[in-house]
Amino acid sequence: SSNMPLKCLCLSGNSIEDEGIDALVSSLPKCSKLEELHLSENGGFSAVGLKSLSNVFQTGLNLTQLHLRDNAIDDKGLMALVQGMKSCRSLAKLDLSHNNAVTA
């Protein structure tokens, strides 16, 4: 099937790095019903991975929750993520807690 009925994907605590984020982003459009994406406690992705992740919001997915807690995200990574989220209308919760390098 081209569309999976998955509503919540939890990949927290898996040491996902930029390459893993790229692979995830390329397959997420097949999950058209996805509402929640949990990527907390991975700590291995940089601004490059976050820019890739922000592309999810350009695919038509209607994520309502994105959890990025405790990933060592810094200001550069946050800005990369936010740039892609400008057109996102569905996101109701963005968890960036315990990313102590964010100063903005």
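No hydrogens, no waters, no symmetry mates; every other heavy atom, side chains included, goes into these values.
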Cluster check [X], [Y]: I/L/V/M/F/W/Y, side chain < 4.5 angstrom:
X	Y	answer
Leu9	Ile21	yes
Met85	Val48	no
Met79	Leu50	no

Open item on the list: Do Ser40 and Asp70 pair up side chain to side chain, a donor and an acceptor below 3.5 Å, judged on atom types alone?
Closed with: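 No, no side-chain donor-acceptor contact under 3.5 Å.
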Do [X] and [Y] come close enough that some side-chain heavy atom pair is under 4.5 Å?
X	Y	result
Leu39	Asn14	no
Leu11	Ile16	yes
Phe57	Leu66	yes
Leu37	Leu61	no
Leu96	Val102	no
Leu68	Leu81	yes
Val25	Asp22	no
Gln83	Ser54	no

So, [X] side chain and [Y] main chain: donor-acceptor pair closer than 3.5 Å or not?
X	Y	answer
Asp75	Thr103	yes
Glu36	Thr64	no
Asn71	Phe45	no
Asp74	Ala101	no

Task: Electrostatic pair Glu41:Arg69 at N-O distance under 4.0 angstrom - done: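 The answer is yes: the pair qualifies as a salt bridge.
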Open item on the list: For the CD atom on Glu19, are there more than 12 heavy atoms of other groups (residues, nucleotides or ligands in this structure) within a distance under 6.0 Å?
Closed with: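 No, not enclosed.
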TODO: Apply side-chain contact (heavy atoms from CB on, under 4.5 Å) to His38 and Cys8, showing your working.
DONE: CA-CA 8 Å; His38 297 259; Cys8 180; 3.7 Å; yes
Task: salt bridge (Lys or Arg N to Asp or Glu O under 4.0 Å) pairs, two or more places apart, involving residues 89-98 - done: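 Salt bridge (Lys or Arg N to Asp or Glu O under 4.0 Å) check on residues 89-98 returns no pairs.
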Task: Approximate separation, where rounding is to 0.5 Å, of Leu24 CG and Leu53 CG - done: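 One gets 7.5 Å once the value is rounded to the nearest 0.5 Å.
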Task: Passing candidate, side chain to side chain contact (heavy atoms under 4.5 Å, CB included) with Thr59, options Ser26, Pro29, Ser32, Cys31 - done: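 For Thr59, the side chain to side chain contact (heavy atoms under 4.5 Å, CB included) test succeeds with only one of Ser26, Pro29, Ser32, Cys31, which is Pro29.
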